[in-house]
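Below is one structure, written out as structure tokens; comments come after it.
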Amino acid sequence: MKKLAITALILAASGGVLFAVSAAEKSGAPAQEPAAQAQQAAPSEGKPAESAAPQEVVCFESRKGASEVTQREISPGWPNVKCSPTTGAALWYGDPFDGTVPMGKMPGLENIPEGHALVKPRSQKLAILPMCATACHNGVGPQFTPPTLPKDKKPTPIPTMEGLLPELKEFQHGRGRIWCLDCHHTTQRNKLVDNFGDPIDFDQSQLLCGKCHGDKLRDWRDGIHGKRIGEWASDGKKRWFLCTECHNPHNVQQGERNRGFAQLQPEPPPQTPKGMQGMKHELVHPVAH
Amino acid sequence: MTVTEDMNSQAGAERQDTQVPRQPAPADPSRVALKTSRRDFLKSGGMLSLSSLMGTAALMTESDDAQAAIEWAEHFQKNYRLMTPEEKAEARARLERRYSEEYGKKVTVDTTEAQPGVLMGYALNIRKCIGCRRCVHACVAENNQSRGRNRPGEKIEWIQVLRMERGKFEAEKMNHGYPEGLGIQVGGNAYTPVGQVLEGQYHYTPDLVPEKDATYMPIACMQCEKPPCVKVCPVRTTYREPDGVVVIDYNWCIGCRMCMGACPYWARRLNVTNPVLPKEEMNPVTHYLGNRPRMRGVVEKCHWCLQRTRHGRYPACVEACPVGARKFGNLLDPNSEVSLILARKNVFRLKAELNTFPKFFYFYD
Ligand code: SF4
Ligand code: SF4
């Protein structure tokens, strides 16, 4: 009986250690951090768990900074999304329709039942959009004090468009053949603009992009170009990713790489096969055979 | 030590611990898989005649030790294709009970059959893939592959992303008589070789992808219409389902690896060690022919997420791909994404000359 109890204790202890390690790994901490966390956690064990406030896990979807999703449990042990511990990218969807709304009017979608074409509205998430037409481009000029400005009377530089959107320095869209007001509405800066001069909502960016990229718009509408999640049947319920969820319209080409999608950090490589330590021949560029 | 020797020595160790009395469930998640492999069991039972074995099985199923009864029942269950609906339901209930206990959560084992009128197809835009490997890791999260990292063969990934150089023709190289490293050709070669053999880099580790001069080509099971892996399987445990997906009944796999040798796409993986599947990372929504936890010594491969696709959802890799390079749909539906791609785009299949007729199509704009 005693023996059994001891075995159980050892099992429990090793189980605990295992769990701690795997939990630390899951949180995406670099290799040294689990140890540091353990050290921090150890002295506070006796105290009430004040540091145990659950941290919000937010992962980005297609490209960093474009659309994000906050991790939550849909049902016990079933998260709405799983995030990569190395890069923070969304890797797995338990709920593909999290935070979506029906897509607005879009020509060519007449055959898709109401509510089957979903998009994730992004306009509320765009950091400076609410200020664009109220603070600066309201036809009057800047009147209110953005919270970033200091309160004292010393002269301070006002952030320019470039300061607010650093990627504008790389602005290459159309290689200089288009400029701001080809896409942004002249008087309603919270809107985009179509060829008739009518405003387009920021959550319907495909209507703007399709002005020039008609072939891509057709492919996107038919599900060939662009990303969709949800149901695979051609009449299934799907969430459509909008153009700007994948492409950065202000920096489409990323310099000389010129492939339309932002570079990002890759996930880790596969396990090294047995007997192939170092994998030098694999890692040499260019490909060695 | 070769992999086989490694396996045998483990098998020896396993056989020993089948002789000691049953212990409480081990805490190490790597040990939760089935303790004896089917092959070990058949080996050790080789002395007995089959009829007496069956008798013992009947006895065991009625014994008080539920776990042992489940294992015995599993060893004696039929090939999945030959099971009656009642036997399938029984096997399903048995597995659900065992997995739920092992992983400490409610695990469901789905047995949904193929829908009539569906032939699943896959398309991948080779120009769009940026080599980020999110599909690979989404697949692991969805399909309960082994996650170990310490021992060789412990970490299993079904999708491989191959990095290839982009080749080009250059004027300066017009008169290069004997192209370096390319053999016996004489008379000029203005061409820079690309990864023309599918032996490129799987272990590339740049800071950022896509790299400027690289092309990426993910490969996994192509769900061939004429699958050589099915042809060579001596126990007929791998077969083509009516909706076109090639599946494996893990309980009948003897781990002989004939299919791994036959598959021209390196799509199949063997569980050399006991799969390492931590409880909290285990995906509890499983399919009998799909992502249910595997045991040591069986072959597994991509099955287009049957547990999702049979219920209408996209495979996990499609949903994870950040650039939307991956497309999935019904080849028999002219409005599906894959059908439209086949109608409209430039499409090729990998190693088409082998007449395996993959239902996985690569395309480009
Ligand atoms: S790709 Fe390989 S494993 Fe898949 S069906 Fe074809 S031969 Fe079989
Ligand atoms: S997730 Fe998409 S882009 Fe990334 S490697 Fe896979 S197929 Fe390529």
Side-chain angles (χ1 to χ4, degrees), chain A residues 7-8 11-12 14-15 18-19 22-23 26 61-63 76-78 82 84 87 89-93 96 215 219 222-236 238 241 246 256-257 259 261 263-275 279 282-283 285-287 289, chain B residues 3 24 26-29 105 128 130-134 136-138 141-142 149 152-155 157 160 163-165 195 197 199-210 212 278 280 284 309 312-314 316 318-324 327-330 333 335-337 340-341 344-345:
Chain A
T7 325
L11 270 179
S14 58
L18 260 180
F19 179 76
S22 54
K26 229 180 137 191
E61 294 186 294
S62 206
R63 114 184 123 79
W78 191 249
K82 282 184 191 167
S84 159
T87 63
L91 279 191
W92 180 92
Y93 290 91
D215 57 333
D219 279 354
D222 293 341
I224 298 177
H225 181 100
K227 176 174 174 173
R228 290 177 183 188
I229 62 180
E231 295 170 356
W232 53 261
S234 52
D235 56 354
K238 297 166 201 268
F241 279 67
C246 302
E256 49 175 20
R257 206 185 50 78
R259 283 184 61 184
F261 192 86
Q263 283 185 297
L264 42 82
Q265 191 194 346
E267 302 292 325
Q271 192 181 29
T272 319
K274 197 174 190 179
M279 303 293 292
E282 264 269 327
L283 299 173
H285 293 211
V287 178
H289 299 299
Chain B
V3 177
D28 181 348
K105 51 179 139 187
K128 295 278 182 293
I130 58 169
C132 66
R133 294 202 192 96
R134 277 194 214 171
V136 178
H137 292 258
E142 169 71 26
R149 61 193 72 196
E154 225 176 33
K155 185 173 166 193
E157 288 171 358
Q160 286 177 298
R163 176 192 185 274
M164 292 183 197
E165 292 293 306
V197 282
E199 214 184 72
Q201 296 166 316
Y202 296 108
H203 295 82
Y204 59 91
T205 50
D207 294 333
L208 293 173
V209 288
K212 189 166 168 286
E280 65 278 5
T309 48
R313 279 281 297 276
Y314 278 118
V318 172
E319 298 200 337
C321 178
V323 297
K327 301 289 166 198
F328 182 85
N330 182 1
D333 172 2
N335 294 322
S336 75
E337 293 157 23
L340 288 171
I341 286 165
R344 218 184 265 174
K345 297 291 176 186

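Chain A is the first sequence line, chain B the second, and so forth, proteins listed ahead of strands; every chain is numbered from 1. Note that this is a predicted model, so its numbers are computed, not measured.
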- Item | Partners meeting side-chain hydrogen bond (donor to acceptor under 3.5 Å, both in side chains) with Tyr314(B) (sequence neighbours left out) | Lys238(A), Glu337(B)
Can you tell which of [options] has the highest number of heavy-atom pairs within less than 4.5 Å of chain B?
{"options": "Ala89(A), Pro96(A), Ser84(A)", "value": "Pro96(A)"}
{"options": "Ala90(A), Gly226(A), Cys246(A), Pro76(A)", "value": "Gly226(A)"}
{"options": "Glu231(A), Arg63(A), Lys82(A)", "value": "Glu231(A)"}
{"options": "Pro266(A), Gly236(A), Ser234(A)", "value": "Pro266(A)"}

- Is the side chain of Arg149(B) donor-acceptor paired with the backbone N or O of Gln271(A) at a distance under 3.5 Å, no angle test? no
- Item | Engaged part of Asn330(B) at the chain A interface, taking heavy atoms whose separation is under 4.5 Å | both
- Item | Ile130(B) portion near chain A, given a 4.5 angstrom heavy-atom threshold | side chain
Quick check on the interface: out of [options], who has the most heavy-atom pairs with chain A under 4.5 Å?
{"options": "Lys345(B), Glu157(B), Arg313(B)", "answer": "Arg313(B)"}
{"options": "Gly324(B), Pro210(B), Gly329(B)", "answer": "Pro210(B)"}
{"options": "Lys105(B), Gln160(B), Lys327(B)", "answer": "Lys327(B)"}

- Message: I need the Cys321(B) SG to Leu91(A) CG distance, nearest 0.5 Å.
- Response: 11.5 Å
- Distance in Å, Lys128(B) NZ paired with Phe261(A) CZ, rounded so as to fall on 0.5 Å steps: 11.5 Å
If every non-hydrogen atom of [X] is compared with every non-hydrogen atom of [Y], which pair is closest and at what distance?
{"X": "Pro270(A)", "Y": "Arg133(B)", "answer": "CD-NE, 4.1 Å"}
{"X": "Leu264(A)", "Y": "Cys132(B)", "answer": "CD1-CB, 3.7 Å"}
{"X": "Arg228(A)", "Y": "Val318(B)", "answer": "O-CG1, 4.3 Å"}
{"X": "Ala138(B)", "Y": "Trp92(A)", "answer": "O-CD1, 4.2 Å"}
{"X": "Asp222(A)", "Y": "Arg344(B)", "answer": "OD2-NH2, 2.7 Å"}

- Task: Counting only heavy atoms closer than 4.5 Å, note whether Gln265(A) contacts chain B via side chain, backbone, both or neither.
- Result: both
- Message: Between His137(B) and Thr87(A), is there a side-chain heavy-atom distance shorter than 4.5 Å?
- Response: no
